[in-house]
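Structure record follows, encoded as structure tokens.
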Amino acid sequence: MDNAFLPAGAGLLILAGITSILALLLEVADYFFQDYGDCAININSGKKNLTVKGGASLLSSLMDQGIFIPSACGGRASCGLCKVKVISGAGPLLPTEAPFLSPKELQDGVRLSCQVKVRRDLSLLMDEALFAIREFSARVASARMVTETIREIRLDLMEPREISFKSGQFIQFHVPAYQESSEPVYRAYSIASAQADSGGLTLLVTRVPKGIASTYIHEHLKPGNQVKISGPYGEFYLRDSDHEIIMIATGSGLAPLVSLLHQLAAKGSTRKITLFFGTYRPADIFYRQEIEELGKKLPGFTFVPVLSGAKPEDDWKGETGIVTAPVKRLLEQHPSTRDAYLCGNPLMIDTAVKMFTENGIPAERIYYDKFA
Amino acid sequence: MARFPVFQSPFLDAAEKRMGSCENKVHCYMGDDTRPLSRILAEDEAEVNALGLTHEAIGHRLFHLAEQAKKGLGSPVVVEDRFLVAVEAARGKLSCPFGHPGLFAKTHVVLVNQKTGESLVWSDLSMHLIAEHGFYQGKGSPYRLSPKKIAAVLGLSRASH
């Protein structure tokens with residue numbers, strides 16, 4: 001056949017096809033035949049020295065060695081949490097990780113550990129607080145729906161039998177492969193129980209439509225099942241201060257704030273505390289009894305549920321509208337020196353942070369855990 | 001299914017590769033759809049045309065409802081006396097599989113048509129994929145929004161846009 005009779009562009013298509021096949025063959029060969037041998041990982045200038053088998057992601061290699069980097073997506077490069085600073089050995093930056101990194105982070109050599117493949121010796125810098133994170137096996141002690149969409153899971157720790165965490169922090173829940181997911185995934189959930197309750201954890205899990213993890217936890221997890229978690233993670237915890245406290249939560253964002261209330265109650269705090277909880281109708285106000293019990297131990301505590309969808313038949317006498325509206329009134333009518341703790345929908349948090357800074361609460365006294 | 005002769009452009013090949021890179025096939029953009037991306041796009045385009053709509057009009061309608069839902073800051077709100085909408089958040093961000101720069105929050109809108117009880121769920125990325133790429137995701141993808149279903153739930157028609 002004479003190539004001169006090929007239509008225009010056909011040569012390009014053939015070339016693209018051959019290139020694609022070669023790339024595919026290289027990937028297959030890399031997967032099956034490439035042996036990177038043992039690779040050394042030096043962390044924080046020799047504070048930890050690991051030897052791992054090359055070929056896996058840095059995230060999973062570290063996890064195999066008992067170092068748990070926060071990751072909410074289980075290595076899919078969609079959460080951008082698993083950042084580490086790589087001094088040497090990381091290989092080229094991938095297009096999958098670049099969007100998550102600021103110009104400063106790019107300059108500093110920060111990488112997404114889920115996207116870095118261990119192919120040679122690596123040198124890393126990381127927060128040593130991560131060394132304290134452990135993996136736990138646990139048993140589901142109980143499970144119940146607290147609203148139509150939020151399920152409370154109580155876990156009893158099996159090995160290790162105790163966890164040390166600060167109220168407000170979160171754990172990563174390991175969801176095994178099941179019919180909706182061909183591979184294990186990890187998801188972050190805040191701890192709702194008290195930090196003094198070190199033998200177990202209570203989690204609140206909102207059902208996300210078509211979500212892999214929440215579908216598993218809502219529909220498949222049963223009391224008696226064994227699960228794996230790792231933690232604790234996060235910088236959202238109570239700061240020492242005598243300031244008045246404003247807390248705002250939406251949905252399962254109530255979890256870490258209830259844990260903070262447990263801690264304040266255990267300390268015998270007399271600080272003025274107002275917890276605003278935004279939800280839809282009276283039936284969606286969960287943990288009311290628990291919060292009222294905590295309130296009895298906290299003389300300065302007020303609980304303010306704010307309903308966006310109260311109906312006349314609800315006979316609701318409390319606050320209505322969006323959750324930030326009564327907070328704004330409080331800030332404007334009763335100026336005071338306050339700390340703010342927020343958890344829940346990122347839209348609520350963005351709105352609240354703007355409102356607080358406009359009303360005299362500096363950004364450094366606004367603490368939040370944003371589901372984003 | 002055979003992919004030759006190839007009518008897909010290298011651009012669509014790259015997009016399809018990015019979509020296919022998800023190891024968890026159940027929750028991939030393509031779902032269990034075996035059609036090539038070009039055919040998925042073409043068939044949905046034909047469905048949209050038959051409805052007398054455009055991708056831009058559908059995307060704009062979803063965007064408008066999402067903006068109304070955001071006013072609830074996470075709590076459900078009623079829009080136009082018939083749609084109960086709420087913005088829900090999940091940790092993380094997603095990139096456009098067609099290669100657009102930037103990231104899309106994993107927040108998604110849950111809408112219930114209070115008159116029919118039918119519901120739709122869509123993310124910030126879904127709106128982008130529809131309006132910019134005419135991509136409603138493959139059959140079997142849990143986030144597929146078929147043009148017919150969108151039109152039915154939202155009451156969209158040739159005259160409505």
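Only heavy atoms go into these numbers, but all of them, side chains included; no hydrogens, no water, no symmetry mates. First the proteins, then the strands, lettered A, B, ... as listed; each starts at 1. The structure displayed is predicted, hence computed values, not measured ones.
Residue B:Phe63 places its CZ atom among 12 or fewer non-hydrogen atoms of other residues, nucleotides or ligands, all under 6.0 Å distant. Residue B:His60 qualifies as open at atom NE2: its count of foreign heavy atoms under 6.0 Å is 12 or below. Counted within 6.0 Å of OH on A:Tyr368, heavy atoms from surrounding residues, nucleotides or ligands total 12 or fewer; the atom is thus considered open. The number of heavy-atom neighbours closer than 6.0 Å to CD of A:Glu148, taken from other residues, nucleotides and ligands shown, is 12 or below.
The contact between A:Thr351 and chain B is made entirely by side chain atoms (from C-beta outward), counting heavy-atom distances below 4.5 Å.
Looking at residues two or more places apart in sequence or on another chain, you find a side-chain hydrogen bond (donor to acceptor under 3.5 Å, both in side chains) between A:Lys354 and A:Glu358.
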With a 3.5 Å cut-off and sequence neighbours excluded, list the donor-acceptor pairs that the side chains of residues 66-74 of chain B form with protein atoms.
| from | atom 1 | to | atom 2 | distance (Å) |
| --- | --- | --- | --- | --- |
| B:Glu67 | OE2 | B:Lys70 | NZ | 3.3 |
| B:Gln68 | OE1 | B:Lys71 | NZ | 3.4 |

With a cut-off of 3.5 Å and sequence neighbours excluded, list every side-chain donor-acceptor pair involving residues 80-89 of chain B.
| from | atom 1 | to | atom 2 | distance (Å) |
| --- | --- | --- | --- | --- |
| B:Glu80 | OE1 | B:Arg61 | NH2 | 2.8 |
| B:Glu80 | OE2 | B:Arg61 | NH1 | 3.1 |
| B:Glu80 | OE2 | B:Arg61 | NH2 | 3.4 |

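For the set A:Leu307, A:Val306, A:Thr279, the count of heavy-atom pairs under 4.5 angstrom toward chain B peaks at A:Thr279.
Among residues 116-132 of chain B, the residues having any heavy atom closer than 4.5 Å to a heavy atom of chain A are, in sequence order, B:Val121.
Here the closest heavy-atom approach between residue A:Ser308 and residue B:Ser75 is recorded as OG-CB, 3.0 Å.
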